[in-house]
Each structure stands twice: as C-alpha cells, then as structure tokens.
There are 2 protein chains.
Amino acid sequence: MTPAEPDQDATTDPGRLVDALVQTSFAVQQVLADAAAEHDLSLAQLRLLGILRDRTAAMSELARHLGLDRSSITGLVSRAERRGLVRRTPSPDDGRGVLVELTAEARSLGVALERDVGRGVVALAAGLGATERDRLTALLELVVERTY
Amino acid sequence: MTPAEPDQDATTDPGRLVDALVQTSFAVQQVLADAAAEHDLSLAQLRLLGILRDRTAAMSELARHLGLDRSSITGLVSRAERRGLVRRTPSPDDGRGVLVELTAEARSLGVALERDVGRGVVALAAGLGATERDRLTALLELVVERTY
DNA sequence: TATTGTTATACTCTATAACTATA
DNA sequence: TATAGTTATAGAGTATAACAATA
C-alpha cells in the first residue's frame, strides 16, 4: 500500500462518489424505463425518439449517436417505423443514404414522455431543497460537460 | 399558464436538473457497460454479480432486487452458472427454494470490475475539484437515500 | 390455495459477416 | 476502394402463460 499523498484528492473516500453515481444512474434509468413502458416503448426506442426530437438523422448518424452498429439501427428504426413513430426518406444528397424523421404521433408521444420523465426525476430529487437542487444541477453539468 | 408562485421551488428551471441527471445516468451506465464488456459480461450479469457480492439470495429475491420476473431470473442465473460465475443450491429451509451464490472466479472478477468501474466513474468527475466532489457525493446520497 | 422455480414461447435488442448499391 | 444500408443469423434479455413441486 502506498502512503497517502498530501494531494487535494485525498479528502473523502472516492468510493462513496462512485457508489452514489452508480446508484443514482440506476434510479434515473428506472424512471426512464418506467416512463417508456407506460407508453409501450423500450428504452432503446425512447433514446431514438430523443435523438430525433431535435434533428433529422441518417442511419449512420443514429448509429454513432447511440453507439450501436448500423445493422442494429436498421431493426430499431424498422420497428419504430412499423409503429408509426418514424419515417424513412431517401437522402437527397447521397443516393445510398436514408434519412429518418419523427412522425407527428411520435412528437405528441414525446411531449407526454418528457412530462412523465420530468415528474419521475423531480420525485427522485424530492429530498432536496431548492438551493441543493441548484447546486446539484451545477455540479452534474460539470460532470456531463465533456460528454457528447 | 399559471403564474409563478412565490415558492421555494421556483429558483431554477427544473428541466436543467432533469437533463443533467438523465445525461449523467447515461454516462455512468456507459462506464458500467464498458467495464462489463471488457470482461465479456452484460450489464445484467454485472448487476447480478453486484447483488450477490454481499449475500446469497433465492431466485425470488433476485427477481425482486433486479425488478425482473422470476422466469427471467432463471435464464440469467443459468447463463451465469454455465459460465462458472454462480452456483445453485437447494434451500435448506424451503423445499421449493433455490439459493444462488458467487463462485470464487466471480469474486475475483468482481474485484477487477469494481476497479474498472471506479476508474471510469472517477474519470467522469475529473472536472471537479475535491470540494466539489464531496458536495456532489453528499447531494447524490440524499437523492439515493430513499432508493432501495 | 398460495408460492417457488422452471419451461415454452415470443419479441426486442444487439453484434458479426456477407451482400447490394452508390460514391 | 470505401461507404451506406440491409439481410441473415445467432445470442442475450425480458415477459406472459402454463406447469410441477412444495408449503
């Protein structure tokens, strides 16, 4: 065992932060999965709708944003299309490309989802006062800052 | 639109906290999935090992802790068993019950996993100073407090 | 009767490999 | 040759329904 260094990092057991972040992440994912399930959606479909909310995307872009193989996107989008949530369009710029966009139905579903997720996550933070919530927001934004 | 109430809750847009928590949860889950994948494990298997680290559990207890159907646990445990990670034992108290426990191999795998997850999560928080990390830990522990 | 665990079945999600069409 | 997307295939994960054994 190496002796503790007089570092700024030695204040508190880092394991507590790790545990707290991991536990929180599972709690939040549960909120997301529950909200999705209320509308008969999977978490994967929820993520797909989330990405397409602000942009039209090519299949390969979806693969990149979701961190999945292109062949996985084919199925994900096909199932969403079958349920009337997205639409495929040939890319005007690239004869090989396919653009995916949300349908109106998916947009209204998205509003309900956002509401449900918001409620669930806010409920998680119910034990915090307004000042604490603001501090937590600021700290998490620092954490996520370099996540793209 | 209802007028803003002079409530303690009206300080900051709650949507920012929701977004920050959701984004953070995905980042942490990615760390977990990556760590698991490095050892050829799925996130579900990782969670199973996590639960069994501190206790032996009956199949029905695993179902409750993981929030899954009992029939799903059968497959999860069977695949873990086939890979030498867990062992099934008849319950001494209940002729119907089956107890599940980790093998020595799973325990050493768990040590490596914990190390990798710790590194990844700490890296996520690399933008924070020691004081900020401590504050974040305290706030997240308040959030997770009522999560069991 | 109720509970524990399993089986059969079906679907979603995901990856790898091979293919077609376009660039 | 390289890239975009699909297909075929395989496996993990999950749920529902039906079942056997035990409580």
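Proteins get letters first, then strands, A, B, ... in listed order; numbering begins at 1 in each.
Using a 4.0 Å cutoff on non-hydrogen atoms, no part of residues 26-33 of chain A comes near DNA chain C. DNA chain C is contacted by B:R70, B:S71, B:T74 of residues 65-79 of chain B, taking any non-hydrogen atom closer than 4.0 Å. Contacts of residues 42-57 of chain B with DNA chain D (heavy atom under 4.0 Å): B:S42, B:A44, B:Q45. Across residues 88-96 of chain B, B:R88, B:R96 each have a non-hydrogen atom less than 4.0 Å from an atom of DNA chain C (numbered order).
With hydrogens and angles disregarded, a donor-acceptor distance shorter than 3.5 Å links the side chain of A:R133 to the backbone of A:L128. Proximity of a side-chain donor or acceptor of A:T103 to a complementary backbone N or O of A:G84 within less than 3.5 Å is detected. Listed for the A:R83 side chain is no donor-acceptor partner under 3.5 Å among the backbone atoms of A:S78. With hydrogens and angles ignored, the 3.5 Å screen pairs no side-chain donor or acceptor of A:E38 with any backbone N or O of A:A35.
Linking ILVMFWY side-chain heavy atoms closer than 4.5 Å, directly or via other members, places A:I51 and A:L68 in a single hydrophobic cluster. The hydrophobic cluster containing A:V143 also contains B:V122, counting ILVMFWY residues as joined when their side-chain heavy atoms lie under 4.5 angstrom apart, directly or transitively.
The two residues B:M59 and B:R88 make their nearest non-hydrogen contact at CE-NH2, 3.7 Å.
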message = Between A:L85 and A:L48, is the side chain to side chain contact (heavy atoms under 4.5 Å, CB included) condition met? List the steps.
response = CA-CA 10 Å; A:L85 299 175; A:L48 177 63; over 6 Å; no
request  = For side chain to side chain contact (heavy atoms under 4.5 Å, CB included), just list the numbers for B:D116 and B:V31, CA-CA rounded to whole Å, side-chain angles, deciding distance to a tenth of an Å, and then say yes or no.
outcome  = CA-CA 9 Å; B:D116 294 347; B:V31 167; over 6 Å; no
task = Carefully, step by step, assess B:L62 and B:V77 under the rule side chain to side chain contact (heavy atoms under 4.5 Å, CB included).
result = CA-CA 9 Å; B:L62 292 175; B:V77 167; 3.9 Å; yes
Residues A:I73, A:V100; criterion side chain to side chain contact (heavy atoms under 4.5 Å, CB included); working and verdict = CA-CA 11 Å; A:I73 302 298; A:V100 186; over 6 Å; no
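The salt bridge (charged side-chain N to carboxylate O under 4.0 Å, His left out) search around A:E141 returns B:R16, not counting sequence neighbours.
Side chains of A:D69 and A:S71: a donor on one and an acceptor on the other come within 3.5 Å. A donor-acceptor contact closer than 3.5 angstrom links the side chains of A:Q30 and A:D34.
Between chain B and DNA chain D, the heavy-atom contact criterion of under 4.0 Å yields a 5' to 3' nucleotide range of D:dA12 to D:dA23.
Under a 4.0 Å N-O distance rule, the pair A:E61/A:R55 does not qualify as a salt bridge.
Ranked by how close their nearest DNA chain C nucleotide is to the 5' end, B:E61 and A:L41 are led by B:E61.
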